[in-house]
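Written out below as structure tokens is the structure these notes cover.
Numbers here are sequence positions counted from 1. Indexing begins at 1, ligand by ligand and atom by atom, following the structure's order.
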Amino acid sequence: MNTDTCIFCKIVRGEIPSRKVFEDDELMAFHDINPMAPVHLLLIPREHIASMAELEQRHRNVVGNMMLVANRLAVEQGSPEGFRLIVNTGRIGRQDVYHLHMHVIGGASPLPGMIMKS
Ligand code: AMP
Ligand code: ZN
């Protein structure tokens, strides 16, 4: 996968549409196209990092900022009483899109014990 064909890089470049809820100079967040809960956002670095498994020391700040932004977005976007962050990683983690992304999942009522893929 390279940045020309990566679907989330295309979203970063504005080549395909997204329902954007946040952006700054290093991160972007938008609604998941196939939401699994009333609040289901994807938070990504603008930089193409394929997965959590590819993280390097130099990514420490951006990954830390993802946590802080996820927290704030969950509250602002309708999940003020808690939320769940998921980072599917690699084959075992059933990652489908190989551009690092954090699922921010929540809503008004408690989530199921675990969110499973079918
Ligand atoms: P993962 O299985 O963790 O790699 O999750 C990929 C997520 O990206 C899935 O929840 C998809 O619904 C979501 N997704 C794929 N394409 C798009 C898109 N164009 N806009 C928003 N979300 C997308
Ligand atoms: Zn990418």
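By heavy-atom distance, the residue among I44, I33, V87 lying nearest atom 15 (C) of ligand 1 is I33. The residue from H31, M102, H101 that puts a heavy atom closest to atom 1 (P) of ligand 1 is H101.
Against a heavy-atom cut-off of under 4.0 Å, D32 is close to the following atoms of ligand 1: 7 (C), 8 (O), 9 (C), 10 (O), 11 (C), 12 (O), 13 (C), 22 (N). Set against the non-hydrogen atoms of N34, the atoms of ligand 1 under 4.0 Å away are 12 (O). Near N88, with a cut-off below 4.0 Å to any heavy atom, the atoms of ligand 1 are 1 (P), 2 (O), 3 (O). Listed by atom number, the atoms of ligand 1 under 4.0 Å from L42 heavy atoms are 8 (O), 13 (C), 22 (N). Each of the following atoms of ligand 1 lies closer than 4.0 Å to a heavy atom of D96: 1 (P), 2 (O), 4 (O). Near R94, meaning under 4.0 Å from any of its heavy atoms, are these atoms of ligand 1: 2 (O). Each of the following atoms of ligand 1 lies closer than 4.0 Å to a heavy atom of Q95: 4 (O).
Note on F22 and V62: same hydrophobic cluster, where clusters join Ile, Leu, Val, Met, Phe, Trp and Tyr whose side-chain heavy atoms are under 4.5 Å apart, directly or indirectly. A single hydrophobic cluster is seen to contain both V63 and V87, as judged by linkage of ILVMFWY side chains at heavy-atom distances under 4.5 Å, directly or through other members. Taken together through direct or relayed side-chain contacts under 4.5 Å among Ile, Leu, Val, Met, Phe, Trp and Tyr, I7 and I33 form parts of separate hydrophobic clusters.
Distances from the Zn ion (ligand 2) to the N/O/S atoms of H99 are shortest for ND1.
The backbone N or O of M36 lies less than 3.5 Å from a partner atom in the side chain of H40, making a donor-acceptor pair. A donor-acceptor contact shorter than 3.5 Å is absent between the side chain of R46 and the backbone of C9. Checking side-chain atoms of Q95 against main-chain N and O of V97 turns up a donor-acceptor pair under 3.5 Å. Within the 3.5 Å criterion, the main-chain N or O of L68 finds no donor-acceptor partner in the side chain of N65. Listed for the H101 side chain is no donor-acceptor partner under 3.5 Å among the backbone atoms of L41.
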Inset, instruction - Show your reasoning for whether side chain to side chain contact (heavy atoms under 4.5 Å, CB included) applies to V39 and I105. - result: CA-CA 5 Å; V39 175; I105 297 172; over 6 Å; no
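Remark: distances from the non-hydrogen atoms of F8 to ligand 1 include one below 4.0 Å. Using 4.0 Å as the threshold, H103 has a heavy atom nearer than that to some atom of ligand 1.
To the nearest 10 degrees, the angle centred on the Zn ion (ligand 2) between ND1 in H48 and SG in C6 reads 110°.
At under 3.5 Å, not a single nitrogen or oxygen of F30, backbone or side chain, sits near a nitrogen or oxygen of ligand 1.
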